[in-house]
Amino acid sequence: MRPGERIAIKAAFVQKHNLPFDGRGNNVSVMRIKARGIITANPGDGERVQVEWDPTFESRDWYFYTYRATIWQVTEGHNMADRLIAFTFGDQPQDLDWFRNSTGWAEQFGDNASVNARRFWVEKTIASGRTDRLSGEHALGRALWSPQRSKDGKNIYANMLEVRPGDVVFHLVDNQAITGVSLVESAADQGFVGLAGSDWADQPAYRIGLIDHQQLDPPLSREAFLEAEPYATELKELAESGQKGLFYNSRRGLNQGAYLTEATPTLRSILNRAYVELAGQNLPYIDEQQVVLEQGSEEAAAYTLDDALLELFLSREEAEDILLLWRSKRNIILQGPPGVGKSFAAHKLAFALMAIEDRDKVGFVQFHQSYSYEDFVEGFRPAEQGFELKPGKFVEFCRKAEADPKHSYVFIIDEINRGNLSKILGELMLLIEPDKRDPKWAMPLASGKVPFHVPPNVFIMGLMNTADRSLAVVDYALRRRFAFVSLMPNLVSPRFDEHLEKIGVGAEVRSMLRARVGELNDEIVGDTINLGPGFAIGHSFFCAAPSGGERDIDWYHRVVRTELVPLLQEYWFDAPEKADSWKARLLAAA
């Protein structure tokens, strides 16, 4: 870097909502230009340069053509680079339409892009003896059709409404073989009526038009994947590992009533490898697999950042920064002293990230010194006939998320630094990295054969208490894979004051609480030799309401005596007089 050259400060992240163009539900790379200036001197130490910053510059967001590494030397002479330079230093607007329709982004964001990414489905159908399936406009490979409800009134055909033009359908025929592959031409016609002569004649039905049917030669027989190894074992493990909505069960039999089921990336990989071994070629369209992440759910209540901020003592800017970082890194750790509400904040931020309040999409475990790889990933467990390979909580959760690619899922690990992380995570130390969230990075786990990858719609949050002296420092391998965010006490937050008033704490006690605990925290934070910011007293000690009939001053004294004083005695175990002094100051008369 030389004096006279222009320089800017950037922050790269991923954004999905509130875009200045139609993102069609896709994640978009963003680079926020936060400051710009002119280099005035370079001392040559490789660590710093002197810059005269532009005091009038206001931050601006640039899309698509971004760079995540810390330093990016942008060289003139390339079309996109010239546009970025003009945007950053010449105050020119970004031509978003040009970028949306450029190679690399047009497929997802261009004017002719499809709204939804391609999904893959398995149609399990009987054709033998059914004239409608053997010929005509509703024949195999020309259409999918089903009743809208089963005979007992259950909604087992709902997947028909998920299918979109461009999706791929594998046809598993007569319970014997996958005989062909088709592309979807149209979404489900909900006004269709069951065909005469069928078991569902004159009943409300769905019909989906198909095109480009390709007959498999040879067909992929069920024996080639449900009986032949290693695919049979892989499929059995997949069924036992929490994957939902499969066309077969853990005994490798075909499920009754599973007319149309989604083929997730792991399932597709197994079927494709089986076909490569059988026929020496890939299944049609198998290389065009994509995953799309969409927010929102019809079954769960919508949840926004505004909803979270009603209950969190964070500023909007703090919460937005956490969510932006989490979406970009996919793995984040909330760290902080006791009582700052890490567990509470984790769930609220999870709902905000998913945009729905759906606890079924949030997994939760707590690490401890005895927690193991077998608990978290997979291992052999006692069964009726000896031992069986069983998935751990995280693998089971990931299989569930992979089967629902439209929605985001969050897995929370409480006390993440209490476990032996390299022992617990094993291969996941690689697979949780944000750029490894793809089936091409799938690998067999330690005791099984089925390839496993962490789906891109799984977001991980670890919680860490910074005041626990018994815990070792988190290793650098984990620090590289997680973004770390510190939560600090918010005793002076207006939202905290509103909460205290709401639970019946009067103004005088509220003022005394803020003043005395604030002074205590100043002492703790200033004691950098023994304590420091990671040991400050959190606001959540005072979030529970007074007991029935308890005066607010008595409530305050009870919290101090039963929760704060024991903590201070632990903090200053080698200086008991200091703990006693603070006990007296906290409990002194107003």
Side-chain angles (χ1 to χ4, degrees), residues 112-222 245-248 254-263 267-268 271-272 275 279 281-286 288-290:
N112 299 318
S114 60
V115 175
N116 295 305
R118 170 170 286 170
R119 297 170 73 178
F120 291 72
W121 306 90
V122 176
E123 179 201 24
K124 187 170 69 67
T125 185
I126 300 297
S128 178
R130 285 184 57 184
T131 56
D132 64 298
R133 298 265 70 191
L134 296 176
S135 63
E137 61 178 329
H138 309 300
L140 183 72
R142 299 192 63 182
L144 306 175
W145 84 267
S146 73
Q148 294 190 9
R149 296 274 178 172
S150 63
K151 292 181 179 179
D152 59 2
K154 293 182 178 179
N155 189 23
I156 64 174
Y157 298 101
N159 277 351
M160 294 285 282
L161 298 176
E162 296 287 325
V163 180
R164 293 291 180 266
D167 286 359
V168 176
V169 179
F170 301 125
H171 304 286
L172 176 57
V173 181
D174 293 333
N175 295 332
Q176 296 300 315
I178 296 176
T179 63
V181 184
S182 303
L183 289 180
V184 174
E185 181 181 31
S186 60
D189 176 4
Q190 301 183 51
F192 190 66
V193 177
L195 298 175
S198 72
D199 291 341
W200 306 281
D202 301 323
Q203 294 184 22
Y206 302 123
R207 183 189 185 276
I208 294 171
L210 302 176
I211 56 174
D212 296 340
H213 179 69
Q214 295 188 35
Q215 199 80 17
L216 293 186
D217 185 18
L220 179 60
S221 68
R222 61 182 292 177
L246 295 169
F247 64 86
Y248 67 95
L254 299 179
N255 285 331
Q256 295 298 315
Y259 171 62
L260 189 71
T261 56
E262 185 164 9
L267 176 57
R268 294 200 301 270
L271 294 176
N272 189 58
Y275 195 66
Q281 61 185 358
N282 287 331
L283 289 165
Y285 310 110
I286 200 69
E288 298 179 19
Q289 57 192 6
Q290 300 180 50

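Since this is a predicted model, take the numbers as computed values, not measurements.
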Which heavy-atom pair separates [X] from [Y] by the least distance, and what is that distance?
X      : Y      : answer
Pro147 : Tyr206 : O-CD1, 3.9 Å
Ser198 : Gly194 : OG-C, 4.4 Å
Asp132 : Arg130 : OD2-NH2, 2.8 Å

Got a donor-acceptor contact below 3.5 angstrom from the [X] side chain to the [Y] backbone?
X      : Y      : value
Lys124 : Asn255 : yes
Tyr275 : Pro218 : yes
Asp189 : Gly191 : yes
Asp174 : Ile126 : no
Ser221 : Ala177 : no

Would you mind checking if Glu123 and Arg133 are paired as a salt bridge, meaning a charged N to carboxylate O distance below 4.0 Å? yes

(request) Answer yes or no: are there more than 12 heavy-atom neighbours, outside Asn155 itself, under 6.0 Å from its atom CG? (result) yes

### Message
Test side chain to side chain contact (heavy atoms under 4.5 Å, CB included) on Thr261 and Leu246; report intermediate values, then the result.
### Response
CA-CA 6 Å; Thr261 56; Leu246 295 169; over 6 Å; no

To the nearest 0.5 Å, what is the distance between [atom1] ([X]) and [atom2] ([Y])?
X      : Y      : atom1 : atom2 : result
Arg119 : Arg268 : CZ    : CZ    : 10.5 Å
Glu185 : Leu144 : CD    : CG    : 12.0 Å
Ser146 : Arg207 : OG    : CZ    : 12.0 Å
Leu140 : Ser135 : CG    : OG    : 11.5 Å
Gln148 : Phe192 : CD    : CZ    : 11.0 Å
Phe170 : Phe120 : CZ    : CZ    : 5.5 Å

Measuring only between side-chain heavy atoms, which start at C-beta, is [X] closer than 4.5 Å to [Y]?
X      : Y      : result
Arg142 : His213 : no
Arg164 : Val184 : no
Tyr248 : Arg222 : no
Trp145 : Ile208 : no
Thr179 : Leu216 : no

Under the side chain to side chain contact (heavy atoms under 4.5 Å, CB included) criterion, do Leu172 and Phe247 qualify, and how do the steps go?
-> CA-CA 10 Å; Leu172 176 57; Phe247 64 86; 3.7 Å; yes

For this session: Could you please spell out the steps behind the side chain to side chain donor-acceptor pair (under 3.5 Å) verdict for Trp121 and Asp167?
Result: CA-CA 8 Å; Trp121 306 90; Asp167 286 359; 3.0 Å; yes

Practice task
Please step through side chain to side chain contact (heavy atoms under 4.5 Å, CB included) for the pair His138 and Leu195, ending with a clear verdict.
Solution key: CA-CA 9 Å; His138 309 300; Leu195 298 175; 3.5 Å; yes

Test side-chain contact (heavy atoms from CB on, under 4.5 Å), reference Val168, set Val122, Val181, Leu283, output is Val181

Query - Residues His171 and Ser182: side-chain donor-acceptor under 3.5 angstrom - result: yes

